Amino acid sequence: MSASNLTARQSVPALRARKGGEPIVCLTAYTAPVARLLDPHVDLLLVGDSLGMVVYGLDSTLPVTLDMMIAHGAAVVRASERACVVVDLPFGSYQESKEAAFRASARVMAETGAQAVKLEGGLEMAETVAFLTARGIPVMGHVGLTPQSVNTLGGYKAVGRDAEAAERIAVDARAIAEAGAFTLVIEGTMEPLARRITEEVAIPTIGIGGSPACDGQVLVTDDMLGLFGAFRPKFVKRYANLGETVGEAAAAYAAEVRSRAFPGPEHCFGVKKALD
Ligand code: KIV
């Protein structure tokens, strides 16, 4: 294998082939510095529209625009070399028609260099998924708790609690998989449902509040680093507490500026050191 093959990005077919194999590792990334840090460790970098809430302080993902997704997607692609980069299609850019979905996806692919797009929805989006995949645009599906439908769902709570709701989500998952998606995010469902869908569909499932049985897992990076405190869903495990670290660093800096301890001579130009 040549050096360039060793550093080549994870491809869509390679990830699709991971069904039932080594779990797929996915984290969100919205910026170049974070993408650079995560890239050596993950298979997939998801430029999620959660950036609306995490980066822009919005109440939901609904106001996120295609231009925002493209700017952040391009930054993440530029700063990574190994991971497959998937960019979310934002609300309103794809639901109207399969043609609108193609136009939005084509802009994402051409202007960011990402390998795939992600869209939310089930049976009603299957025709769109087939249309995009037949035209060279790999699609990651997203079923269960779909944040762009927060107003229809009545909030961000786990879904598929009763048998009828669970059956609808299972039908959605099969429809998206059969339409040609290469992976499927299952968010915020009862664990047995995510496990069942993983058994039923032929493509890798990526859980977030899903099940350990899923073929991969995704978390919002700022959640798992303890940087985003607005709310903390049950499915988030904190692997670090960077929020506290940032607060402590800011407090130390503020104290040193106020006491004139910072900047010291070593941080200034043209100042002779005491021992010189
Ligand atoms: O927008 C996002 O970050 C997502 C993940 C939570 C799956 O869709």
Side-chain angles (χ1 to χ4, degrees), residues 15 23-31 34-35 38 42-66 68-73 75-76 83-95 104-105 108 112 114 116-122 125 129 139-150 153 155-159 169 172-173 176 181-189 194 197-198 203-211 214-225 227-228 230-239:
L15 287 166
I24 295 171
V25 181
C26 179
L27 281 169
T28 61
Y30 316 124
T31 64
V34 171
L38 302 181
V42 302
D43 300 304
L44 263 163
L45 286 170
L46 173 63
V47 187
D49 61 353
S50 52
L51 66 79
M53 298 163 89
V54 176
V55 176
Y56 290 91
L58 298 167
D59 282 344
S60 76
T61 59
L62 301 190
V64 173
T65 65
L66 191 56
M68 285 159 82
M69 295 310 302
I70 288 173
H72 286 273
V76 168
C84 176
V85 179
V86 179
V87 177
D88 258 345
L89 293 180
F91 178 69
S93 70
Y94 64 96
Q95 291 92 342
S105 306
V108 168
T112 69
V117 297
K118 176 164 84 57
L119 57 78
E120 297 180 8
M125 293 311 303
V129 172
V139 178
M140 173 184 272
H142 184 157
V143 298
L145 171 51
T146 44
Q148 291 178 12
S149 302
V150 60
L153 295 171
Y156 300 105
K157 38 188 195 262
V159 295
I169 295 169
D172 283 340
I176 294 298
F182 78 102
T183 42
L184 178 68
V185 170
I186 305 175
E187 178 168 357
T189 65
I197 291 171
T198 300
I203 58 172
T205 58
I206 313 280
I208 174 163
S211 164
C214 287
D215 301 294
Q217 302 294 330
V218 58
L219 280 177
V220 170
T221 297
D222 297 66
D223 284 342
M224 73 102 177
L225 293 180
L227 274 170
F228 182 65
F231 58 88
R232 183 174 165 187
K234 176 184 167 73
F235 53 76
V236 172
K237 178 170 177 183
R238 283 234 166 121
Y239 287 85

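A quick note: this is a predicted structure, and the numbers were derived from the prediction, not measured. Read the numbers this way: they start at 1 and go in the same order the structure lists the ligands and their atoms. Along the sequence shown, residues are numbered consecutively beginning with 1.
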Tyr56 meets the ring-ring contact (aromatic ring centres under 6.0 Å, His included) criterion, sequence neighbours left out, with His72
| request: Compare all side-chain heavy atoms of Phe182 with those of Val86 and state whether any distance is below 4.5 angstrom. | output: yes
Residues at least two apart in sequence or cross-chain that pass side chain to side chain donor-acceptor pair (under 3.5 Å) with Asp172, listed by chain then number, are none
Are the side chains of Phe235 and Ile208 in touch, meaning some heavy atoms are under 4.5 Å apart? yes
For Asp88, the side chain to side chain contact (heavy atoms under 4.5 Å, CB included) test, sequence neighbours excluded, returns Leu46, Asp49, Met69, Lys118
| Is there a donor-acceptor contact under 3.5 Å from the side chain of Gln217 to the main chain of Ser211? | yes
List of N/O pairs, ligand 1 versus protein, all under 3.5 Å?
unit_1: ligand 1; atom_1: 1 (O); unit_2: Asp49; atom_2: N; d: 3.2
unit_1: ligand 1; atom_1: 1 (O); unit_2: Asp49; atom_2: OD1; d: 3.1
unit_1: ligand 1; atom_1: 1 (O); unit_2: Ser50; atom_2: N; d: 3.0
unit_1: ligand 1; atom_1: 1 (O); unit_2: Ser50; atom_2: OG; d: 3.3
unit_1: ligand 1; atom_1: 1 (O); unit_2: Asp88; atom_2: OD2; d: 3.1
unit_1: ligand 1; atom_1: 3 (O); unit_2: Ser50; atom_2: OG; d: 2.5
unit_1: ligand 1; atom_1: 8 (O); unit_2: Lys118; atom_2: NZ; d: 2.9

